[in-house]
Structure formats: C-alpha cells, structure tokens
Amino acid sequence: MADMGDPKTVLHHYLQATREDLIWKLDGLGERDARLPRTSTGNNLLGVLKHCLNVEAGYFGATFGREFPTPEELVPMEAYEKDPQADWYAREDETKDGLIDLYRRVGAFADQTIEQLPLDAPGRVPWWRPGSQDVTLQRIIVHVIYDLARHAGHADIMREQHDRAVGWQRENTNVPDDYDWPAYVAKLTELADRFR
C-alpha cells in the first residue's frame with residue numbers, strides 16, 4: 001500500500017481517483033446519451049471527459065517539457081482560435097470508448113510525469129499570462145485536481161439528470177441506500193416555498 005503520509009502520494013491518489021470517477025460517469029451510456037447536451041451551455045458527459053483529458057495532457061506534458069506520444073489525438077492549441085469550445089464535445093469521428101481509452105493513456109502519461117519529478121520540479125505553463133507562467137509540479141497537481149473535481153461535480157449532476165444514477169465513487173456512492181428521494185425533494189421544496 002502507498003504511503004498516504006507522503007504529500008506527493010496523497011496528491012497523486014486524489015488525481016487518479018478523480019480521473020477514474022469521471023470515466024465511471026460514462027458507464028453504460030450509448031454514444032447519443034454520452035454526447036447529448038445537458039445544460040444551456042451545451043455541457044455533456046463525453047465533452048467533460050474530453051476537456052479533462054486535454055487538460056491533463058497539457059499540464060503534465062508541455063508544462064514540464066514533455067510531449068504526449070500521439071499529439072495528433074489531442075485538441076491542438078490552434079483549434080481554439082476557430083472554436084473556443086473545441087475540447088468540450090466529441091467530434092463525429094471520435095467515440096466514447098475511443099476517448100475513454102485516450103484518457104487512460106493520457107492518465108498514464110500524467111502519472112509518469114508525477115512519478116519522475118519531485119514536487120518542487122519547475123515547470124512553465126505557456127498558455128498562462130506572462131508573469132504567472134512559472135510553476136512547480138505540486139502547484140500543477142493541485143490545479144488539475146481542482147479543475148477535474150469541479151468537472152466531476154458537473155458530471156455527477158448531468159448523470160443524475162439523465163438516469164438518476166448518483167454517487168461519489170464506484171465503490172462508495174456516499175449516498176444513503178433505499179432513501180425516499182421523492183419525499184426528501186418534496187420536503188426541500190416545501191421549505192423553499194416558505195420564502196416566496
């Protein structure tokens with residue numbers, strides 16, 4: 001078992017867990033349901049995954065002078081000039097299973113960066129504004145965990161809207177079993193209605 005008292009191990013653990021939770025939110029969905037916009041700004045489960053895999057590839061790649069082995073599979077920086085949302089949806093030639101596989105490979109690539117460098121290893125984020133581009137591996141791990149965790153929350157809500165599948169993790173949903181959710185929602189609605 002890993003030493004969970006070691007700061008790098010702890011950070012790496014939470015990054016890997018959040019990555020797996022994002023992938024889990026696509027379990028059992030067909031192509032249409034994975035791609036279907038669920039918010040007024042077009043958020044969709046597969047798009048969240050694609051965004052997160054590109055985030056990890058960039059932050060644990062270019063920031064530390066590494067290039068993902070197959071960069072043509074990622075969204076190139078130039079694509080954002082034509083479409084600032086280029087990494088938020090799957091193109092017609094991309095599949096759910098293909099993007100999940102890509103994310104697993106990006107995850108292994110990111111894990112290599114983390115395993116090979118100390119937390120104080122210097123990096124440079126080329127797309128950040130001048131004056132704030134110099135970073136350490138520790139800062140980037142925390143930044144990426146923060147970003148992925150926000151998007152995992154988005155995925156939680158979108159999946160719940162789709163088929164009421166809820167839960168924090170595959171092994172531990174952190175949600176009460178056999179709870180009367182309709183009664184709970186009615187209780188909260190009644191409480192909210194008191195403030196009209």
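Between M158 and K25, the closest side-chain pair of non-hydrogen atoms is not below 4.5 Å. For the pair T113/T63, no side-chain contact is recorded, criterion being any heavy-atom separation below 4.5 Å from C-beta on. Considering only heavy atoms from C-beta on, K8 stays 4.5 Å or farther from L11 through its side chain. The side-chain heavy atoms of F60 and I141, taken from C-beta on, include a pair separated by under 4.5 Å. Side-chain contact between V144 and T18 is absent, with no heavy-atom pair separated by less than 4.5 Å. Taking 4.5 Å as the limit, some side-chain heavy atom of E56 sits within range of a side-chain heavy atom of L15. In this structure the side chain of T70 reaches within 4.5 angstrom of the side chain of R105, judged on heavy atoms.
Residue L117 holds its CG atom at 10.5 Å from CD of E115, rounded to the nearest 0.5 Å.
Between D193 and R196 a salt bridge is recorded (basic side-chain N to carboxylate O distance below 4.0 Å). A salt bridge links R19 with D111: the closest approach of a Lys/Arg side-chain nitrogen to an acidic carboxylate oxygen falls below 4.0 angstrom. Using a 4.0 Å cut-off between charged side-chain N and carboxylate O, E20 and R104 make a salt bridge.
Aromatic ring pairs are classed by plane angle as parallel below 30°, tilted from 30° to 60° and perpendicular above 60°; the pair H51 and W88 is parallel.
Although no hydrogens or angles enter the test, the distance criterion places a donor-acceptor pair under 3.5 Å between the side chain of K50 and the main chain of Y89. Remark: the backbone N or O of F109 is paired with a side-chain donor or acceptor of R66 at under 3.5 angstrom. A donor-acceptor contact shorter than 3.5 Å links the side chain of K96 to the backbone of L29. Formation of a donor-acceptor pair under 3.5 Å by the R35 side chain with backbone atoms of R91 is found in this model.
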Could you walk me through whether D147 and H143 satisfy the side-chain hydrogen bond (donor to acceptor under 3.5 Å, both in side chains) test, starting with their C-alpha distance in whole Å, then the side-chain angles of each, then the deciding distance to 0.1 Å, before giving a yes or no? CA-CA 6 Å; D147 192 350; H143 179 84; 5.0 Å; no

